[in-house]
Novice: 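Below is a structure I'd like to ask you about.
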Amino acid sequence: MKLLTHNLLQCIVPACRKHHYPLKVTASLLNVEENPFDAIFASRMLERLEYNILLEAYNSLRQDGQPELPPAVPEDGASNEVFLQSLFFAINCLDVVEGAMTCSSCGRIYPIHNSIPNMIVRAIEGEQPPQSIEKEQEDEEEEESEN
Amino acid sequence: MTRPEHIAPPELYYNEVEAKKYTQNTRVIHIQRKITKRAIELLALPKNKPLLLLDIGCGSGLSGQELRKMRHVEWIGLDISASMLAIAKERDVGGDLCRSDLGEGIPFRPNTIDGAISISTVQWLFNADFKDAQPFQRLKLFFQTLNHCLRRGGRAVIQFYPENGHQLEEMQRCATQAGFGGGLLCDYPNSTRQKKWYFVLFAGTAKIDPIAMPQALMAGEDQNDSDTDSSDDSDEEEEEEESGDGMILDSNSDDEDESDAEGPIEKKKTSVIQSNVQFEWKREKRSQRDRRKKQKNLKQKVMEQKERQQRQGKDVRRNTKYTGRKRKSGW
Ligand SMILES: C[S@@+](CC[C@H](N)C(=O)[O-])C[C@H]1O[C@@H](n2cnc3c(N)ncnc32)[C@H](O)[C@@H]1O
Ligand SMILES: [Zn+2]
């Protein structure tokens, strides 16, 4: 899963759907695809991205030697070659192979396996049921009490 | 022929074996490619513009891989079958993949996608495949969320295999309620083999845009459909000549036939739908004149007669895939 896809995805649990909650991504295995830089594409995607969410996701996954993203979109972002190159790498080259996405609101976990996120919410016959939401909430509470 | 969607839920039907068989079948490959090319044509994408598209029910990527051939275009494929997706991944079809049940809604934020195709998939949504499944709710949610995630004016071209007229109407109603403009189009309506149904939908434009709709051969079967494309006029004149062949069928028998099957609810529904959704018939490759030379089949006769009646301002039943067909009563 690319970070472009991640950035556009939202939690689809009925209670969350209308609020368009973003998903927090974690990865245990990453891959880098060497896709040819397409400045026009990157610049066109810019307006539909939630930049802060991209930044958070990318910074948590980025490895040494990979391009850096500035803390905010530069004013000339849509035409700034250097920025667009970093952006393109972040949204279209980095690939989360194994990992998960978690809803920031309800704690729902969407696993990522073989580069494919599983967005199905209902239980599918013959497959392991999705991870419980209660457990997640407990985790959150623990985190809070630690703070 | 048995429909796969009657055999098992999609995530079970398209298991490892079936997914492999499907993807390697040369006939399937050929047909899916042909349909996809037509769907892309109907998307009427701006040339050389960077776009992000969806392939809804992408399966193993036979459809989506056609999207790859366009410059500056990236696509994301959605499918419920893990086996189909695994093959798509293995075949490196170029799109980012996502496992999703369309009946749970398209999982993208509003206003993020430039266009969508869906090839041979949406008919699956009519089945209640799991406990408490509500096909109608699922269909509604599918169209709603699709309309939301598309950018204004973005198109969705949905090719599917409706089982009957009710399904066509349900879908139309859901699409219209979701706020889509556009309509239904049937390629090769007179060929049982080649006939294909497409929804050509425009996001966020609940009004029909007659300029944007693909060219029609016989549009606006309803008398209250005054919005129809003006380019039909010439066709109608051409058709007029045909009325001289003296092969008019008894209209009453045809009408009875249809009402048997579709019931009185249909009338009420169509009057609601027709203000927003326009029926279109694709021009067949063969010219009208060529066709006229051939022996007319029952269907053609019925259609031609209906057109004449329409021109005369008569109340004529809508054309469906069942028009002019022998049928059993009931669905
Ligand atoms: C006939 S295949 C078409 C695949 C591809 N579009 C092509 O042209 O080759 C139908 C696909 O629809 C998928 N499908 C059926 N129901 C679905 C659902 N509820 N959500 C997502 N995908 C579904 C199936 O898994 C299958 O891959
Ligand atoms: Zn949520």
Side-chain angles (χ1 to χ4, degrees), chain A residues 1-14 16-23 31 33 35-36 38-50 53 78 84 88 91-92 94-97 101 103 108 110-127, chain B residues 8-12 15 46 48-52 54 58 70-82 84-90 92 94-114 129-133 137-138 141 144-145 148-151:
Chain A
M1 182 196 67
K2 294 182 183 154
L3 290 190
L4 174 60
T5 306
H6 163 255
N7 201 269
L8 308 184
L9 284 171
Q10 62 171 48
C11 182
I12 60 154
V13 166
C16 289
R17 194 186 289 124
K18 285 187 232 62
H19 305 286
H20 317 302
Y21 291 124
L23 304 168
N31 180 30
E33 282 183 17
N35 296 316
D38 186 339
I40 301 170
F41 181 79
S43 119
R44 166 82 180 220
M45 290 303 119
L46 192 54
E47 50 171 353
R48 68 190 76 177
L49 291 172
E50 293 273 5
I53 290 165
L84 288 177
F88 185 81
I91 64 170
N92 212 30
L94 206 59
D95 175 34
V96 180
V97 182
M101 291 181 287
C103 172
R108 169 91 208 182
Y110 299 93
I112 304 167
H113 175 60
N114 188 24
S115 295
I116 303 168
N118 185 351
M119 299 303 293
I120 301 174
V121 169
R122 67 181 168 91
I124 297 251
E125 226 189 290
E127 291 181 25
Chain B
E11 69 276 12
L12 297 179
N15 58 20
N48 282 326
K49 269 244 186 116
L51 299 166
L52 182 63
L54 289 186
C58 64
M70 288 179 280
R71 249 161 71 92
H72 302 308
V73 169
E74 297 287 337
W75 62 277
I76 301 173
L78 301 175
D79 203 281
I80 197 171
S81 156
M84 287 292 244
L85 288 167
I87 294 181
K89 182 79 206 156
E90 198 181 290
D92 195 12
D96 214 16
L97 305 169
C98 199
R99 191 166 177 217
S100 153
D101 175 2
L102 306 177
E104 292 189 327
I106 306 284
F108 293 106
R109 285 194 282 115
N111 220 19
T112 52
I113 307 290
D114 296 293
D129 276 335
F130 54 95
K131 195 172 160 279
D132 304 328
Q137 290 302 320
R138 285 164 55 78
L141 189 60
Q144 265 171 14
T145 51
H148 284 159
C149 79
L150 287 172
R151 294 168 79 81

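Remember, it's a predicted structure, so these values are computed and weren't measured experimentally.
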Novice: Which pair of heavy atoms, one from I120(A) and one from D101(B), lies closest together, and at what distance?
Specialist: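 The answer is CG1-N, 3.7 Å.
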Novice: Check whether L97(B) gets within reach of chain A through its side chain, its backbone, both or neither, counting any heavy atom under 4.5 Å.
Specialist: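 Both backbone and side chain.
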Novice: Please examine the side chains of E74(B) and D38(A), heavy atoms only from C-beta on, and report whether any two atoms are closer than 4.5 Å.
Specialist: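 The answer is no, as the side chains (C-beta and beyond) never meet within the 4.5 Å cut-off.
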Novice: Using a 6.0 Å cut-off, check whether atom CD of E125(A) has over 12 heavy atoms from anything other than its own residue.
Specialist: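 Check fails, neighbour count at 12 or below.
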Novice: Given a strict heavy-atom distance threshold of 4.5 Å, which part of K131(B) is in contact with chain A: side chain, backbone, both, or neither?
Specialist: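 Contact with chain A is absent: no heavy atom of K131(B) under 4.5 Å.
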Novice: For residues T145(B) and R17(A), report the shortest heavy-atom separation together with the two atoms involved.
Specialist: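 Here T145(B) and R17(A) meet closest at CG2-CD, 4.2 Å.
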Novice: Begin from the C-alpha positions of H113(A) and R99(B) and carry the test side chain to side chain contact (heavy atoms under 4.5 Å, CB included) through to its verdict.
Specialist: CA-CA 10 Å; H113(A) 175 60; R99(B) 191 166 177 217; over 6 Å; no
Novice: In Å, rounded to the nearest 0.5 Å, how long is the span from OG1 of T112(B) to CG of N7(A)?
Specialist: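 Nearest 0.5 Å value for the OG1-CG distance: 9.5 Å.
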Novice: Would you call R48(A) and I113(B) a side-chain contact if the rule is heavy atoms closer than 4.5 Å?
Specialist: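 The answer is no, as the side chains (C-beta and beyond) never meet within the 4.5 Å cut-off.
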Novice: What part of D129(B) gets within 4.5 angstrom of chain A, counting heavy atoms only: side chain, backbone, both, or neither?
Specialist: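 Contact with chain A involves no heavy atom of D129(B) at all.
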Novice: Side chain, backbone, both or neither: which part of R71(B) has an atom under 4.5 Å from a heavy atom of chain A?
Specialist: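 Contact with chain A involves no heavy atom of R71(B) at all.
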Novice: Within this structure, what is the CE-CD1 distance for the pair M119(A) and I106(B), rounded to the nearest 0.5 Å?
Specialist: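 The CD1 atom of I106(B) is 11.0 Å from CE of M119(A), to the nearest 0.5 Å.
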Novice: Out of M45(A), E47(A), R44(A), H20(A), return the one with the most heavy atom pairs under 4.5 angstrom to chain B.
Specialist: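 So the answer, after comparing M45(A), E47(A), R44(A), H20(A), is R44(A).
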Novice: For N111(B), which atoms come within 4.5 Å of any heavy atom of chain A: side chain, backbone, both, or neither?
Specialist: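 For N111(B), backbone heavy atoms alone lie under 4.5 Å from chain A.
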Novice: Between E11(B) and chain A, which part of the residue has a heavy atom less than 4.5 Å away: side chain, backbone, both or neither?
Specialist: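 Side chain only.
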Novice: Do you know which of P107(B), A86(B), S100(B) has the most heavy-atom pairs with chain A at a distance under 4.5 angstrom?
Specialist: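 Maximum pair count with chain A is reached by P107(B).
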Novice: Please state whether the side chain, the backbone, both or neither of D95(A) comes within less than 4.5 Å of a heavy atom of chain B.
Specialist: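 The side chain, not the backbone.
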Novice: With a 4.5 angstrom heavy-atom cut-off, could you sort out which part of I112(A) is near chain B: side chain, backbone, both or neither?
Specialist: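 Contact with chain B involves no heavy atom of I112(A) at all.
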Novice: So which atom in C98(B) and which in L9(A) form the shortest heavy-atom distance, rounded to 0.1 Å?
Specialist: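 The pair with the smallest heavy-atom distance is SG-CD2, 4.1 Å.
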Novice: Are P22(A) and R109(B) close enough that some pair of their side-chain heavy atoms sits under 4.5 Å apart?
Specialist: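 Not in contact.
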Novice: Could you check whether any side-chain N or O of D96(B) sits under 3.5 Å from a backbone N or O of T5(A), counting only pairs where one atom can act as donor and the other as acceptor?
Specialist: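 Side chain of D96(B) to backbone of T5(A), a donor-acceptor pair under 3.5 Å: no, none is there.
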Novice: So what's closer than 4.5 Å to chain A heavy atoms on F108(B): side chain, backbone, both or neither?
Specialist: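 Contact with chain A involves both backbone and side-chain atoms of F108(B).
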Novice: Can you measure from CG (N48(B)) to CD1 (I40(A)) and round to the nearest 0.5 angstrom?
Specialist: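 The distance works out to 8.0 Å.
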Novice: Ignoring hydrogens and geometry, is there a side-chain-to-backbone donor-acceptor pair from E104(B) to I12(A) under 3.5 Å?
Specialist: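 Checked: no pair found.
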